[in-house]
2 protein chains.
Amino acid sequence: MPRTGRPRAFNRDEAVTAAMHLFWEHGYESTSLAQLRAAMGDISAASFYAAFESKEALFREVVDEYISSYGQVSESFRDTSIPPRAAIEQGLRRSAKMQTERSHPLGCLLVLSAVTCSPEQNHIQEMLAKERERVRSWLKACIDRAVANGDLTDSTDIAMLVTLFETFLRGISSQARDQVPYEEIDSAITQLMKVWDILSAKTGDQGKI
Amino acid sequence: MPRTGRPRAFNRDEAVTAAMHLFWEHGYESTSLAQLRAAMGDISAASFYAAFESKEALFREVVDEYISSYGQVSESFRDTSIPPRAAIEQGLRRSAKMQTERSHPLGCLLVLSAVTCSPEQNHIQEMLAKERERVRSWLKACIDRAVANGDLTDSTDIAMLVTLFETFLRGISSQARDQVPYEEIDSAITQLMKVWDILSAKTGDQGKI
DNA sequence: TGACTTCTGGATCGATTAGTATAAAATTAA
DNA sequence: TTAATTTTATACTAATCGATCCAGAAGTCA
């Protein structure tokens, strides 16, 4: 927060949000500085670099902003106040809901905005891969908890279950981009969760849950 | 096939294959003409345009080549010589196998190579979307057949089932890119197919299949 | 007021983008 | 041998890429 000097002529937060929508829609590399500056309030190149340092620095800021807003849907996976099964189901449903909303680009920014890029931008891919890995670790922790709880047996193939849910979760981004409506994905989730019930039903304690 | 004139100094088919690997790995827009020409045997710009007309025309050719080679794994979905359930299972397993092979870029070219792009290349996205839609229609036909067969009840939510398998299928591309091994995806498929068995078990005729 | 600080408009940077013009080279057919 | 055909190397577009420079505008502070 500068106390002196000429005040900024544009709203920085709004500019970041505008940039987020562009990166989300078109991806990191395919979004040009010219597009960004236009969407951020027709700001000049000088203003852009004074406020954001570089395209890459802006993107990192955008990713942080995404994670702490839209990305919150995956926080369900690490919500230990609800049973593991409910946490996973909620995480999937909220992700599907968010990714199909029309008020912003379809799909997940972390999954889509740098799936492919030139070799020079490999670190951008790796940065997003790390964020996706975090979500995956929450999913795993969730299933670990279920095994510890006794919701799932000790013999449960944890890696397999993580991959099952995670693969579906990643697929939502692609489906959302192809205009598959929320309702269809939502019913698919209902069906997918029955896999869990099959496994938990096999647990010794009782026949059904 | 020109009958006269100076013979081409490079192998056209090999050049297309090299281009396919680049587009597959880095995506349509992020693959530059310079990269392509280098990988296609260090050919000159003149040779490139004489043989392929444009970057876009080459990409279309690459997509055709992909579909008739690696893309054949999804042909399982329309193989009516095997039962619908087996067709789907085989399609998923073969896709997972192919997408995790290390002899070529990871994931599926149709899903990855233009998920995001600049507005000017929207027609490229749409072209790939059409190809993905074809695969989806085969999946749907497969499930329609199962309902017609009596493998699944008339009350089966077909759209939901298509979305369930298709979402998982799309997710494989993302998982493969993140280095998830084939074996894990394969066991997840085994588990996913149990959803089918739940539904088919409910069919009147007998209790289990 | 004047010193200090920060931001902005406009011109510009070198590198790279996809694509082209031209003429020589290499082949076949007559 | 000569004409016709096609591909080649080389040089070159115009446009765009991300990024920078500088002078002046617009504030705060003493």
Side-chain angles (χ1 to χ4, degrees), chain A residues 1-16 18-19 22-23 26-62 113-114 116-125 127, chain B residues 1-16 18-19 22-23 26-62 113-114 116-125 127:
Chain A
M1 285 294 164
R3 289 168 32 258
T4 72
R6 179 172 174 172
R8 189 173 282 127
F10 63 94
N11 182 308
R12 203 182 183 284
D13 291 342
E14 286 175 12
V16 170
L22 273 184
F23 281 131
H26 305 294
Y28 176 71
E29 276 194 318
S30 294
T31 304
S32 71
L33 253 292
Q35 284 178 279
L36 286 168
R37 284 164 37 211
M40 293 163 100
D42 263 310
I43 64 176
S44 70
S47 300
F48 177 91
Y49 285 97
F52 302 102
E53 188 190 355
S54 70
K55 182 185 179 181
E56 181 170 335
L58 170 63
F59 184 69
R60 290 183 189 270
E61 206 169 312
V62 158
S113 67
T116 58
C117 68
S118 52
E120 297 80 35
Q121 255 66 48
N122 250 322
H123 55 290
I124 297 280
Q125 279 188 319
M127 173 212 177
Chain B
M1 288 294 162
R3 289 170 29 259
T4 72
R6 179 171 173 172
R8 189 173 282 130
F10 62 96
N11 184 307
R12 202 182 183 284
D13 291 342
E14 286 174 14
V16 169
L22 274 183
F23 281 133
H26 306 294
Y28 176 70
E29 276 193 320
S30 295
T31 304
S32 71
L33 252 292
Q35 284 179 278
L36 286 167
R37 283 166 37 210
M40 293 163 99
D42 263 311
I43 64 176
S44 70
S47 299
F48 178 91
Y49 285 97
F52 303 103
E53 187 189 356
S54 70
K55 181 184 180 182
E56 181 171 336
L58 169 64
F59 185 69
R60 291 183 188 271
E61 208 169 310
V62 158
S113 67
T116 58
C117 69
S118 53
E120 296 80 34
Q121 256 65 48
N122 250 321
H123 55 288
I124 297 281
Q125 280 188 318
M127 173 212 176

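We name chains A, B, ... by the order of the sequence lines, and we start the count at 1 in each one. It should be emphasised that the depicted structure is a prediction, and the values quoted were computed from it without experimental measurement. Just so it is clear, the values below take in all heavy atoms, side chains as well, and ignore hydrogens, waters and symmetry mates.
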How long is the line joining [atom1] of [X] and [atom2] of [N], in whole Å?
X      : N      : atom1 : atom2 : value
B/L36  : C/dA18 : CG    : P     : 8 Å
B/R37  : C/dG19 : CZ    : P     : 12 Å
A/R8   : C/dC7  : CZ    : P     : 5 Å
A/F59  : D/dG18 : CZ    : P     : 14 Å
B/F10  : C/dA26 : CZ    : P     : 17 Å
B/Q35  : C/dA15 : CD    : C1'   : 15 Å
B/Q121 : C/dT17 : CD    : P     : 14 Å
A/M40  : D/dG18 : CE    : P     : 13 Å

[X] side-chain proximity, nearest of [options]:
X     : options              : value
A/T4  : C/dT5, D/dA19, D/dT6 : C/dT5
A/K55 : D/dA19, C/dT6, D/dT5 : D/dA19
A/P7  : D/dA26, D/dT8, C/dT8 : D/dA26
A/A34 : D/dC17, D/dT6, D/dT7 : D/dC17

B/H26 side chain vs A/T116 backbone, donor-acceptor pair below 3.5 Å
no
Pairs satisfying salt bridge (charged side-chain N to carboxylate O under 4.0 Å, His left out), at least one member in residues 29-58 of chain A, at least two apart
A/E56-A/R60
Return the 5'-most residue of the pair B/Y28, A/A9 with respect to DNA chain C, ranking by each residue's nearest nucleotide.
A/A9
Is any side-chain heavy atom of B/P119 closer than 4.5 Å to one of A/Q35?
yes
Pick the closest DNA chain D nucleotide for A/S32 and for A/E53 by heavy atoms, then say which residue is nearer the 5' end.
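So the residue in question is A/S32.
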Base, sugar-phosphate or nothing for B/T31? Non-hydrogen atoms, less than 4.0 Å.
sugar-phosphate
Distance-minimising heavy-atom pair for B/V62 and B/V16:
CG2-O, 3.8 Å
Nearest heavy atoms of B/M40 and B/A19, plus distance in Å:
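Nearest pair, atom of B/M40 first, then B/A19: CE-CB, 4.2 Å.
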Below 30° counts as parallel, above 60° as perpendicular, anything between as tilted: where do the rings of B/F52 and B/F10 land?
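Ring orientation of B/F52 relative to B/F10: tilted.
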Does C/dT8 have OP1 or OP2 under 4.0 Å away from a side-chain N or O of A/R6?
no
With rounding to the nearest 0.5 Å, note down the distance linking CG in A/N122 to CE in A/M127.
14.0 Å
Of all of residues 42-52 of chain B, which get a heavy atom below 4.0 angstrom from DNA chain C, listed by number?
B/A45, B/A46, B/Y49
